[in-house]
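Computed from a prediction, not measured in an experiment: that's the story for all the values here. We count ligands from 1, going down the list as the structure has it; atoms in each ligand are counted the same way.
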Amino acid sequence: MREVRVRFAPSPTGALHIGGVRTALYNYLLARKYNGTMILRIEDTDQTRYVPGAEAYIVESLAWAGIKIDEGVGVGGPYAPYRQSERKALYKTYAQKLVDEDHAYYAFDTEQDLEEMRKRTPNAQYDGVTRMQMKNSLTLSGKEVAQKLSVGEKYVIRLKVPGKEEIHLTDLIRGSVTVQSSQVDDKVLMKSDGMPTYHLANVVDDYLMKISHVIRGEEWLPSAPLHVLLYRYLGWEKEMPQFAHLPLLLKPDGNGKLSKRDADKMGFPIFPLNWQDPESGHVAIGYREAGYLPEALINFLAFLGWNPGTEQELFSMEQLIEAFTLERIGKAGARFDIQKAQWFNQHYLRSKSDDVLIGYLLDSLKKENIDCSQEKAKKIVAVMKERVTFPKDFWEQGKFFFTAPVSFDEQVVSKKWNDDTVKVLTAFSNEIKSGSNLIAETAKDTLEMVTSKLGIKTGHILQALRMSITGGASGPDLMITMEILGNAEVFKRIHFAIKTLKVKVT
Ligand code: GLU
């Protein structure tokens, strides 16, 4: 088998989309599986769309996700430079070769010329039919062309796509793809600013960098036939990489492509890290900042289009490398189910050591200027662990461990707060009032004792008791919660609730 060399080749036109992270991941998995090389190439030939900061953002995102780059921007390597804008001169040589061998031509058409063409023939593209009516080196005499070039008239170089030919390619995911050359337009290879277009630069670099597999999003499939022609005309057909076009990421309901707008609307991130739009200054929340762990995101993304063919769902990066094959990537679009991402996050969060989890809680508390002993934090983490999805949840869902509630769940008040509740809570609080070091078992026994004395079912007052202590209708184990809060605090809270909700009862 050919040495596996794959590349992730983003354009620095803004924040990296989460789909881009999946593309990078699949490339990485293949590289690692076959002891190959993962390359990061920055495709920045479109100067009009260049966004400062985007390249650094890509590098940081991949590093955070655990996708390691062996060669490329930021790392270097034998085929440097890996930023296309720094390889400008190189593409020119190949474009010239194509012109010299009659596979490409100079086109001098102005914007206006092109507009007129489109007016003449609606939906017209620059191709075998229209090119002979245009201003290019196929219609002008050699002398005219030389003259235009010598005075520095603006031109582009276009590929001369053959008239009637079938272009075949084999895609590792889609199988055999055939396109009629008449469907392909004479794409611009070199722009008038002297920069290559994506198509030329991409093919030249994949060849020079000895890329074995091109793994990229499905949106690039329509460009693949054109790339096949370029490989052929440049005499590189034998070295052409294998193609694998990844299925689209679909909206959660499966209807259409996932967009940033959908993600915003449904309240989940679309970028791996926070991204501040350089123009508007608006900050879009990233997966990292939203509290997703990289291992959870990776596991989730791996399953968006690929499956191991078994029931196993939890995979570390190492296990993914082991199990990954391009053959198991499906053709169908992958529904982006954020709940699944949260499920993975829950799992990976729970499997962190207690020290790490305690650290999450203490970090949040620090931001709130709240002191907390290691011992208390440990107890809170232990009782909350099975309930949290994100690191910040220890604080967000456990605020009542630090501040007494000032308002109470309305549903519980209306359904569960009554004379019986007040009787039990009063008696219970009086029982525990004088003690110290309340422990969960004692709290439970005391409560049972009180309810049986009063002839009231414990089950009937439990939710109200929780509400008086936490303000909410649900939460972690109530007896342990009381243990963590201690006698005096529990007493105080119950009495505050009774006082506040008195009006309701009388
Ligand atoms: N620069 C292209 C992009 O931004 C790369 C496509 C490819 O991998 O060929 O997605």
Going by atom types only, do His245 and Arg216 share a side-chain donor-acceptor pair under 3.5 Å? yes
Do other residues, nucleotides or ligands put more than 12 heavy atoms under 6.0 Å from the NZ atom of Lys210? no
Atom 1 (N) of ligand 1 has as its nearest protein heavy atom Glu43 OE1, 2.6 Å
- Query: Do any heavy atoms of Arg7 fall under 4.0 Å from ligand 1?
  - Reply: yes
Ranked by distance from atom 6 (C) of ligand 1, the top protein heavy atom is Tyr198 OH, 3.4 Å
side-chain hydrogen bond (donor to acceptor under 3.5 Å, both in side chains) with Lys135: of Asp109, Thr110, Asp113, only one passes, and it is Asp113
Do NZ/NE/NH1/NH2 and the carboxylate oxygens of Asp354 and Lys378 come within less than 4.0 Å? no
With a 4.0 Å cut-off on heavy atoms, is Asn202 in contact with ligand 1? yes
The closest protein heavy-atom partner of atom 5 (C) of ligand 1 is Ala9 O, 3.1 Å
pair Asp206-Tyr231: side-chain heavy atoms closer than 4.5 Å
yes
Heavy-atom proximity to atom 4 (O) of ligand 1, picking from Ser11, Pro241, Ala201, points to Ser11
